[in-house]
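Everything below concerns the one structure shown next.
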Amino acid sequence: EEAEFPGGYAEMMRYFGKNMRYPEIAVQAGIEGRANVRFVVEKDGSIGQVTVQKGVPNCPECDKEAIRVIKSMPKWKPGKNGGKAVRSYFSMPVTFKLQ
């Protein structure tokens, strides 16, 4: 059983929409891109070991914001194997796009 954000994928997208702040320096420079972030969903559903696998080019502030939002997520429903909670690795793209 895969780990899951409370309420599923649609809730996770809503969470990102509400909580992500586009870095002002990136807005002024017109920087857009995607940070690929990897993290662990622990047995208790908490988030740990958040790392950027591939960051937004020329925007370390964007990478920091992606890490901040992922670390601030509520506890997930942990992954299970044979009915027991297990640690799960999860990779997620975080997109920065100017409106």
Side-chain angles (χ1 to χ4, degrees):
E1 229 181 285
E2 290 287 315
E4 185 182 43
F5 187 86
Y9 184 78
E11 270 307 308
M12 183 167 59
M13 291 298 100
R14 205 166 301 135
Y15 177 84
F16 270 87
K18 275 191 217 164
N19 293 284
M20 201 158 90
R21 295 190 295 267
Y22 213 116
E24 191 57 39
I25 194 162
V27 172
Q28 290 170 359
I31 295 172
E32 295 184 334
R34 180 187 339 208
N36 291 316
V37 184
R38 186 173 184 199
F39 57 95
V40 174
V41 177
E42 300 289 352
K43 292 178 186 179
D44 67 354
S46 63
I47 303 300
Q49 295 181 16
V50 183
T51 58
V52 174
Q53 302 292 96
K54 182 172 183 274
V56 177
N58 304 316
C59 189
E61 295 82 4
C62 294
D63 299 344
K64 284 184 194 142
E65 177 61 7
I67 289 170
R68 185 195 68 78
V69 173
I70 287 175
K71 281 184 173 178
S72 73
M73 286 191 293
K75 283 191 174 188
W76 284 41
K77 182 178 141 206
K80 290 189 176 165
N81 188 350
K84 289 179 89 172
V86 293
R87 296 174 83 219
S88 314
Y89 282 95
F90 210 85
S91 290
M92 176 183 299
V94 178
T95 303
F96 290 87
K97 188 145 181 62
L98 294 166
Q99 304 297 333

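Values reported hereafter were calculated over all heavy atoms of this structure, with side chains retained and with hydrogens, waters and symmetry mates removed. Here the structure is a predicted model, which means the values were calculated and not measured. Nothing fancy with the numbering, it's 1 onward along the sequence.
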Pair up each side-chain donor or acceptor in residues 8-15 with any protein partner under 3.5 Å, not counting sequence neighbours, and list the distances.
from: Glu11; atom 1: OE2; to: Arg14; atom 2: NH1; distance (Å): 2.3
from: Tyr15; atom 1: OH; to: Ser72; atom 2: O; distance (Å): 2.8
from: Tyr15; atom 1: OH; to: Ser72; atom 2: OG; distance (Å): 2.8
from: Tyr15; atom 1: OH; to: Met73; atom 2: N; distance (Å): 3.4

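- Atom CE of Met92 sits about 4.5 Å away from atom CZ of Phe16, to the nearest 0.5 Å.
- The residue from Thr95, Ile31, Asn36, Val94 that alone fulfils the side-chain contact (heavy atoms from CB on, under 4.5 Å) condition with Val56 is Ile31.
- Closest approach of Lys75 and Pro6 over heavy atoms only: O-CG, 3.2 Å.
- Atom CG of Asn19 has more than 12 heavy atoms from other residues, nucleotides or ligands within 6.0 Å.
- Taking the side-chain contact (heavy atoms from CB on, under 4.5 Å) definition, one finds that Glu65 meets it with Met20, Arg21, Pro23, Arg68, Val69, Phe96, sequence neighbours left out.
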Validation: residues 40-54 side-chain donor-acceptor distances under 3.5 Å, sequence neighbours left out:
from: Glu42; atom 1: OE1; to: Arg87; atom 2: NE; distance (Å): 2.8
from: Glu42; atom 1: OE2; to: Arg87; atom 2: NH2; distance (Å): 3.3
from: Asp44; atom 1: OD1; to: Ser46; atom 2: N; distance (Å): 2.9
from: Asp44; atom 1: OD1; to: Ser46; atom 2: OG; distance (Å): 2.6
from: Thr51; atom 1: OG1; to: Gln53; atom 2: OE1; distance (Å): 3.3

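- With sequence neighbours excluded, the residues that form a salt bridge (Lys or Arg N to Asp or Glu O under 4.0 Å) with Lys97 are Glu32.
- In terms of the side-chain contact (heavy atoms from CB on, under 4.5 Å) criterion, residue partners of Glu24 (sequence neighbours excluded) are, by chain and number, Val27, Gln28.
- With sequence neighbours excluded, no residue forms a salt bridge (Lys or Arg N to Asp or Glu O under 4.0 Å) with Arg34.
- Ring-plane geometry between Phe39 and Trp76 is classed as perpendicular, the angle between the planes exceeding 60 degrees on a 0 to 90 degree scale with a lower cut at 30.
- Note that CD of Glu1 is 10.0 Å distant from OG of Ser88, once rounded to the nearest 0.5 Å.
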